[in-house]
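Here is the structure we will look at, set down as structure tokens.
Heavy atoms only: backbone and side chains are in, while hydrogens, waters and symmetry mates are out.
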Amino acid sequence: MSKEKKITVEAASVEEALDNVSKQWKQPVEELKAEVISEEREGLFGLFGSKKLTVEVTSLAKADLFSRGIEFVNETLRLMDFKAEAVLSETDKNTLDIQGEDAADYVVGRYGDALKGMEYLVNLSLRDPKAEPRIKVDSCGYRERRTKSLERLAEATARQAVKYGRPVRLEPMASWERWVIHTTLKARDDVTTESVGEQPLRKVVIMPKYDPAKEETAGPATMRIRARRERTFSRPPTASHNERRRPRRSRDR
């Protein structure tokens with residue numbers, strides 16, 4: 001695997017080092033990362049004079065990032081003895097597409113678990129996996145098929161939540177899968193969605209929405225939602241322990 005693009009320079013400050021490398025590489029400063037390797041001062045015993053830094057500057061350019069991502073995935077596939085390779089997707093500039101004889105059977109895995117694992121590893125190997133742009137990994141059109149399946153699931157679950165007047169929890173999903181659910185149902189005015197839980201068990205809850213303005217034409221499920229809300233928010237306060245105690249009868253003396 002080739003090394004990432006980097007250079008070591010001397011400058012009076014980190015900002016100066018970044019500016020110099022930015023001009024040299026004709027690359028925005030925002031796409032560069034600087035790390036101070038050493039620092040020294042010129043002058044008598046290093047107590048006086050100007051400061052000189054040795055700075056290592058690394059490129060975080062998107063093209064370079066995806067190039068290293070492709071190399072990482074291909075090296076991983078080679079070590080696993082899979083007949084497959086990663087290339088940059090022709091339809092999505094943020095996606096690496098794994099193609100080959102073993103792609104469908106081994107790279108995708110059950111419910112896409114192997115593909116999700118590869119995506120996490122490649123982002124972790126390059127830098128913080130939560131950073132942008134995040135590299136997505138696909139194989140044999142899995143993401144497209146999964147997206148359409150999630151859209152159908154979202155609509156069917158929304159109908160179920162409205163029909164029975166109660167929230168419905170979906171199975172744990174990856175962040176992009178939850179995003180598909182939220183986006184699919186965003187325009188509906190009869191349900192709302194929310195992500196709950198912690199990774200890797202974070203999931204989407206689809207909840208029916210009660211609209212008082214539509215009460216006259218509301219169906220039985222909507223009226224059940226209203227009744228449940230009224231029982232929750234209109235319930236009289238519970239008497240305290242002391243108030244529930246019966247007063248003692250006074251004894252005649």
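Side-chain N or O atoms of Glu144 include none that pairs as donor or acceptor with a backbone N or O of Gly141 at under 3.5 Å. A distance-only check finds a donor-acceptor pair linking the side chain of Arg178 to the backbone of Met173 [under 3.5 Å]. Under a 3.5 Å cut-off, the side chain of Asp19 and the backbone N or O of Lys23 do not form any donor-acceptor pair. Ser149 places no side-chain N or O within 3.5 Å of a backbone atom of Arg145 that could act as its donor or acceptor partner. Under the 3.5 Å distance criterion, the side-chain polar atoms of Ser125 are matched with a main-chain donor or acceptor of Val122. Side chain of Asn74 to backbone of Glu85: no donor-acceptor contact under 3.5 angstrom is found.
Surrounding CZ of Phe82 are more than 12 heavy atoms belonging to other residues, nucleotides or ligands, all under 6.0 Å away. Counted within 6.0 Å of CH2 on Trp25, heavy atoms from surrounding residues, nucleotides or ligands total more than 12; the atom is thus considered enclosed. By the 6.0 Å contact criterion, CD on Glu16 is enclosed, its count of non-hydrogen atoms from other residues, nucleotides or ligands being greater than 12.
In this structure, Arg78 pairs ionically with Glu75, as a charged nitrogen and a carboxylate oxygen lie closer than 4.0 Å. Salt bridge annotation for Glu35-Lys6: absent, with no cationic side-chain nitrogen under 4.0 angstrom from a carboxylate oxygen.
Once rounded to the nearest 0.5 Å, the distance linking CG of Asn20 with CD of Glu10 reads 11.5 Å.
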